4 protein chains.
Amino acid sequence: MGSPKQRIVETTFDLFSKQGYNSTGINQIIAEAGVAKASFYQHFKSKEDLCVEFLNVRHEYWFKELIDFSSQAEDLQNQLIKAFDFLIYMNEKEHFRGCSFLNILSEIPADNIKILSVIQSHKSDLRNYFLELLKDDALSDHIYMLFESSIIESQLFKSNELIEKSKQIVTNLIY
Amino acid sequence: MGSPKQRIVETTFDLFSKQGYNSTGINQIIAEAGVAKASFYQHFKSKEDLCVEFLNVRHEYWFKELIDFSSQAEDLQNQLIKAFDFLIYMNEKEHFRGCSFLNILSEIPADNIKILSVIQSHKSDLRNYFLELLKDDALSDHIYMLFESSIIESQLFKSNELIEKSKQIVTNLIY
Amino acid sequence: MGSPKQRIVETTFDLFSKQGYNSTGINQIIAEAGVAKASFYQHFKSKEDLCVEFLNVRHEYWFKELIDFSSQAEDLQNQLIKAFDFLIYMNEKEHFRGCSFLNILSEIPADNIKILSVIQSHKSDLRNYFLELLKDDALSDHIYMLFESSIIESQLFKSNELIEKSKQIVTNLIY
Amino acid sequence: MGSPKQRIVETTFDLFSKQGYNSTGINQIIAEAGVAKASFYQHFKSKEDLCVEFLNVRHEYWFKELIDFSSQAEDLQNQLIKAFDFLIYMNEKEHFRGCSFLNILSEIPADNIKILSVIQSHKSDLRNYFLELLKDDALSDHIYMLFESSIIESQLFKSNELIEKSKQIVTNLIY
DNA sequence: GATGAATGAGTGTTCATTCAT
DNA sequence: AATGAATGAACACTCATTCAT
């Protein structure tokens with residue numbers, strides 16, 4: 001079952017992804033991880049600290065999944081479409097819970113720069129992902145923004161409709 | 001100074017806009033509104049109820065401000081650009097706090113359809129706003145998505161950079 | 001049984017007097033007072049606040065008891081001796097727990113001026129009590145210091161020995 | 001920098017002197033001493049044990065300082081005055097934190113005889129110090145009590161005023 | 001219509017101590 | 001002799017809500 005710290009991290013991953021940050025208490029985490037409260041604080045000095053750890057783990061996980069999902073694409077256009085299909089895949093898998101990073105952005109006070117900077121860093125990496133594919137920062141930011149909207153609007157309407165529309169727009173853009 | 005109910009609504013508007021939903025307690029609201037706790041529950045049967053009221057008020061306010069801001073545009077293109085300039089204006093005014101509706105979307109459990117439907121309704125109205133301007137649902141949704149990204153990304157990076165980029169894209173799109 | 005607030009104050013009086021400040025938790029207080037935790041925080045915004053209230057109540061109580069005890073003295077000398085006899089009476093009654101004010105002085109961080117000033121105020125009143133009796137501030141401070149030592153040394157040695165010695169000294173001093 | 005045990009003892013000396021017993025946690029001690037938690041419990045079976053060790057170390061330190069400070073006095077009267085000057089010196093040095101022994105007396109439950117007896121022993125030695133100087137137990141206890149008050153009142157009022165008054169009284173007493 | 005007192009269930013965090021290695 | 005991980009119990013405090021008046 002792994003060490004207590006591992007169990008905390010895994011449980012946190014599930015619960016923060018599913019319920020969000022504020023709705024998930026330390027009590028629930030330690031209960032489901034089967035760990036004593038003081039053991040939790042041996043490894044994380046605060047809930048905020050745990051949040052940073054979660055975002056880092058989620059960052060690794062999310063990008064790995066994205067790469068895995070879109071890597072076998074034959075050409076650039078196909079790879080971009082696959083990126084949007086990845087969102088559909090994730091929506092199915094995670095029941096339209098949206099982006100953990102943007103959700104937490106909405107949950108924290110605006111002056112929490114510790115967490116904010118981790119979120120910014122994640123999204124900068126995503127922006128760079130599109131930039132490196134397209135070598136054109138006007139175009140890549142355009143697609144990045146459609147990508148971001150796709151996540152949020154599908155979370156909002158519990159539907160992949162606007163992801164599909166984005167795929168159509170992207171197809172037109174890169175020909 | 002208005003009636004107790006009015007004072008609650010006004011205070012809630014300020015606090016939810018500034019601090020978000022979960023970070024604003026009933027106690028703070030009634031304290032700043034100068035109203036007794038039981039008086040609050042006379043007018044709103046729960047915090048969730050107050051949230052619905054807030055979203056409705058915010059909806060009215062936000063659209064009125066948008067229309068006021070963009071109404072004196074000479075042509076369609078100008079009016080669309082003004083819509084994005086409105087976001088810059090609001091970011092300045094509200095310190096990059098983003099969209100109250102999307103923020104609350106991230107704060108509530110996914111199964112809270114009462115609040116969810118109010119948020120969906122607001123965003124549907126916005127989608128319709130662009131549709132009625134453009135009479136072309138592919139184009140209008142494209143711009144709607146850039147608009148939504150513009151809000152979120154400027155909240156995330158505390159910068160209007162991607163709003164400016166969106167304005168450029170929109171300019172290109174409608175010629 | 002009195003209102004919840006009254007029950008909290010009475011229970012706090014007993015427990016702080018007996019066990020001291022740090023050794024008495026909010027949980028014990030509310031349990032013994034038969035009051036909900038949130039009810040406690042309705043009346044006192046923090047444990048520190050409760051401490052101030054306790055010290056005020058204790059101040060009133062202690063001085064009233066002192067006056068009651070020493071009031072029927074025939075002359076000045078007798079009244080001073082009675083004051084020291086009062087310490088013996090209190091030691092018997094409270095099992096040599098010493099002075100609540102000085103005990104709490106030792107329990108709080110040195111920079112807690114909110115509580116410190118209440119303690120200083122109490123002791124200034126006591127100093128004044130002797131000054132008004134004796135109209136001679138050298139003599140009255142001398143006796144005040146013997147009085148303070150009497151409290152502390154009897155707490156330390158669980159004995160009234162040095163109180164008795166002080167009575168002898170005082171007797172010699174004022175003839 | 002010395003053995004782990006030495007480092008613990010030295011760190012404890014600083015922290016207990018500065019912050020008191022209850023406000024100083026084991027965690028802070030081992031962190032500042034640079035020692036593992038289990039190492040701590042190898043040398044001290046409980047925090048109470050550490051407290052006893054601290055009081056013993058403090059006893060040695062305090063008396064050595066007192067003797068050093070007052071030894072070069074020409075006569076008895078001067079030596080007594082020097083003892084009170086020592087209190088002023090210590091107040092300056094330790095910022096009016098008072099007597100570690102009396103502070104801990106106030107922090108522990110009344111039935112902790114293990115610690116209580118160490119404190120009693122320290123104060124008995126102090127009483128004896130004055131007795132051996134003066135060879136008159138009425139007079140020496142009188143001065144002992146002024147000495148004790150001097151410590152406490154200067155801690156309480158963050159002032160050496162009553163120490164100076166005590167010096168005056170003592171001067172009068174021994175002529 | 002308006003109130004202030006009261007609440008049960010929860011929050012995140014820290015305590016001194018013990019364990020297996 | 002030395003360690004770092006693990007713990008149960010307690011800490012002070014806050015939440016949205018209800019009740020009697």
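This structure is a prediction, so every number in the text was calculated from the model and none was measured.
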Can a donor-acceptor pair be found between the side chains of [X] and [Y] at a distance below 3.5 Å?
| X | Y | value |
| --- | --- | --- |
| S17(C) | R97(C) | no |
| N112(D) | E48(D) | yes |
| Q19(C) | T24(C) | yes |

May I have the distance from [X] (atom [atom1]) to [N] (atom [atom2]), rounded to whole angstrom?
| X | N | atom1 | atom2 | result |
| --- | --- | --- | --- | --- |
| K45(C) | dA5(E) | NZ | P | 17 Å |
| I26(C) | dG10(E) | CD1 | C1' | 17 Å |
| D49(A) | dG12(E) | CG | P | 14 Å |
| Q28(C) | dA9(F) | CD | C1' | 14 Å |
| N22(C) | dC15(E) | CG | C1' | 13 Å |
| I8(C) | dT7(E) | CD1 | C1' | 12 Å |
| Y41(A) | dA5(F) | OH | P | 18 Å |
| N27(D) | dC15(E) | CG | C1' | 8 Å |

- Query: Is there a donor-acceptor pair closer than 3.5 Å between any side-chain N or O of S121(D) and the backbone N or O of S117(D)?
  - Reply: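 Checked: no pair found.
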- Task: Give the ring-plane orientation class for H59(D) versus F101(D), where under 30° counts as parallel, over 60° as perpendicular and anything between as tilted.
- Result: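 Perpendicular, since the angle between the ring planes exceeds 60°.
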- Test salt bridge (Lys or Arg N to Asp or Glu O under 4.0 Å) on K47(D) and E53(D) and set out the steps. CA-CA 10 Å; K47(D) 195 189 180 188; E53(D) 172 75 3; over 6 Å; no
- Write down the partner of dA1(F) under the Watson-Crick or G-U wobble criteria, each distance required to be under 3.5 Å.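 Pairing partner, where one exists within any strand: none, as none qualifies.
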- Message: Both distances below 3.5 Å, Watson-Crick or wobble geometry, any strand: find the nucleotide opposite dT17(E).
- Response: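 Checking every strand shown, dT17(E) finds its partner in dA6(F), with both distances under 3.5 Å.
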- Task: Report yes if the distance between the aromatic ring centroids of F13(A) and Y61(A) is under 6.0 Å, otherwise no.
- Result: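 So the answer is yes for these two rings.
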Polar-atom pairs under 3.5 Å, protein N or O versus N or O of nucleotides 1-4 of chain F: list them with distances, or write none.
unit_1, atom_1, unit_2, atom_2, d
dA2(F), OP2, H43(D), NE2, 3.1
dA2(F), N7, Q42(D), OE1, 2.8
dT3(F), OP2, S39(D), OG, 2.5

- Find which nucleotide of DNA chain F each of Y21(C) and E48(B) is nearest to by heavy atoms, and output the residue with the more 5' nucleotide.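 Its nearest nucleotide lies further toward 5', so the answer is Y21(C).
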